[in-house]
Amino acid sequence: MSLQENIKMIKDELNSEEKFFEKAVMTERFVKKYKNIMIASVAAVVLLVGANIIYDINSESKTTAANAALLKLQANPNDTVSLGELKKLSLNLHDAWLYSQAVINKDAQAIKSLENSTAPIVGNLAKYEAATDSAQLEEYALKQNAIYKDFALVQSAVMLLNENKIDKARSALSKVSKESSLNELVSVLMHYGVK
């Protein structure tokens, strides 16, 4: 190797070391400048993860306690303490329990009281069960989230047929979905009852 090549190699090494030190100084400046923000960010992430874990544990214990209260109610349906505890822990499960007991006991008043339940399915089913005439059944069926929409329309049509209101019955039957499992029954009613 010649002297010039050695000098060039030493210069390149010094340049690379200089660049390394320059990057180290820039990194140090960056860390000093944003140290508080970085610490706050890490602390915020740790707090969020911790809060999420605590929330999950609390939610799980609430669910377990609500299930225990429901099991007590299944063993003794007249246990008002467990019913109150269930209401405090899970209003939706409480309403579902009340609905199931109202249906079992055929308690029309209890079913009527659950029509405005916050549990979406319970409120929907209670509105269907509380409907006593064809107008109420059709009103129920017109709701977008009606679970028993087609069944309510058929039931309404049968009530209207019994009252000799054939045109209204035909109108109710025509609203039944073509994909419904009740389509055969609708065809029979249209053929024998309405036409």
Side-chain angles (χ1 to χ4, degrees), residues 55-56 58-195:
Y55 176 79
D56 287 346
N58 184 36
S59 179
E60 189 174 320
S61 70
K62 222 174 161 183
T63 301
T64 303
N67 287 337
L70 183 63
L71 287 174
K72 288 178 188 175
L73 280 170
Q74 286 176 340
N76 179 12
N78 299 322
D79 186 357
T80 57
V81 173
S82 294
L83 186 62
E85 186 179 335
L86 184 61
K87 185 175 184 176
K88 184 177 76 172
L89 294 169
S90 174
L91 190 58
N92 289 345
L93 193 54
H94 171 263
D95 287 355
W97 171 258
L98 290 179
Y99 176 77
S100 71
Q101 292 305 299
V103 169
I104 289 169
N105 298 326
K106 295 180 171 70
D107 185 353
Q109 286 291 73
I111 290 173
K112 188 99 174 125
S113 71
L114 290 169
E115 283 186 25
N116 296 321
S117 170
T118 57
I121 293 176
V122 172
N124 193 309
L125 294 176
K127 285 176 186 162
Y128 171 75
E129 290 287 335
T132 56
D133 62 15
S134 62
Q136 289 176 338
L137 284 167
E138 282 197 55
E139 181 183 331
Y140 166 79
L142 291 176
K143 295 192 185 301
Q144 184 177 5
N145 60 349
I147 294 173
Y148 291 136
K149 176 181 181 173
D150 292 336
F151 193 70
L153 289 169
V154 170
Q155 192 174 1
S156 172
V158 169
M159 288 179 173
L160 290 168
L161 283 174
N162 289 335
E163 298 170 5
N164 272 341
K165 297 179 179 176
I166 305 222
D167 289 337
K168 287 185 178 181
R170 172 178 274 156
S171 173
L173 288 173
S174 68
K175 294 175 188 172
V176 174
S177 170
K178 301 297 180 207
E179 293 85 34
S180 172
S181 61
L182 297 172
N183 237 358
E184 288 182 35
L185 178 60
V186 169
S187 297
V188 170
L189 286 173
M190 290 290 268
H191 181 70
Y192 292 110
V194 178
K195 287 188 177 179

Specify the closest pair of heavy atoms between [X] and [Y], including all atoms of both residues, with the distance to one decimal.
| X | Y | answer |
| --- | --- | --- |
| Ala65 | Glu85 | O-OE2, 4.2 Å |
| Ala169 | Leu160 | N-CD1, 3.7 Å |
| Val103 | Ile111 | CG2-CD1, 4.2 Å |
| Leu173 | Val186 | O-CG1, 3.9 Å |
| Ala66 | Leu89 | N-CD1, 3.5 Å |
| Glu115 | Lys127 | O-CE, 3.2 Å |

To the nearest 0.5 Å, tell me how far [X] [atom1] sits from [Y] [atom2].
| X | Y | atom1 | atom2 | value |
| --- | --- | --- | --- | --- |
| Ser117 | Leu91 | OG | CG | 6.5 Å |
| Lys88 | Lys62 | NZ | NZ | 9.5 Å |
| Leu86 | Leu93 | CG | CG | 4.5 Å |
| Ser187 | Glu184 | OG | CD | 7.5 Å |
| Asp107 | Glu129 | CG | CD | 12.0 Å |
| Leu125 | Asp95 | CG | CG | 12.0 Å |

Would you say the side-chain atoms of [X] pair up with the backbone N or O of [Y], donor to acceptor, closer than 3.5 Å?
| X | Y | answer |
| --- | --- | --- |
| Gln136 | Thr132 | yes |
| Thr64 | Glu60 | yes |
| Asn183 | Lys178 | yes |
| Ser113 | Ala110 | yes |
| Asn145 | Asn124 | no |
| Ser156 | Ala152 | no |

Electrostatic pair Glu138-Lys175, nearest N-O below 4.0 angstrom: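 A salt bridge links Glu138 with Lys175.
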Side chain to side chain contact (heavy atoms under 4.5 Å, CB included) between Leu137 and Phe151, intermediate numbers included: CA-CA 9 Å; Leu137 284 167; Phe151 193 70; over 6 Å; no
Ile121 vs Asn92, side chain to side chain contact (heavy atoms under 4.5 Å, CB included): CA-CA, chis, key distance, verdict: CA-CA 9 Å; Ile121 293 176; Asn92 289 345; over 6 Å; no
Residue pairs passing the ring pair (Phe, Tyr, Trp, His ring centres under 6.0 Å) test where at least one lies in residues 93-120, sequence neighbours excluded: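 Sorted result for residues 93-120: empty, none.
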Under the side chain to side chain donor-acceptor pair (under 3.5 Å) test, residues paired with Ser134 that sit two or more places apart: none
Distance-only donor-acceptor check, side chains Gln155 and Tyr140, under 3.5 Å: no
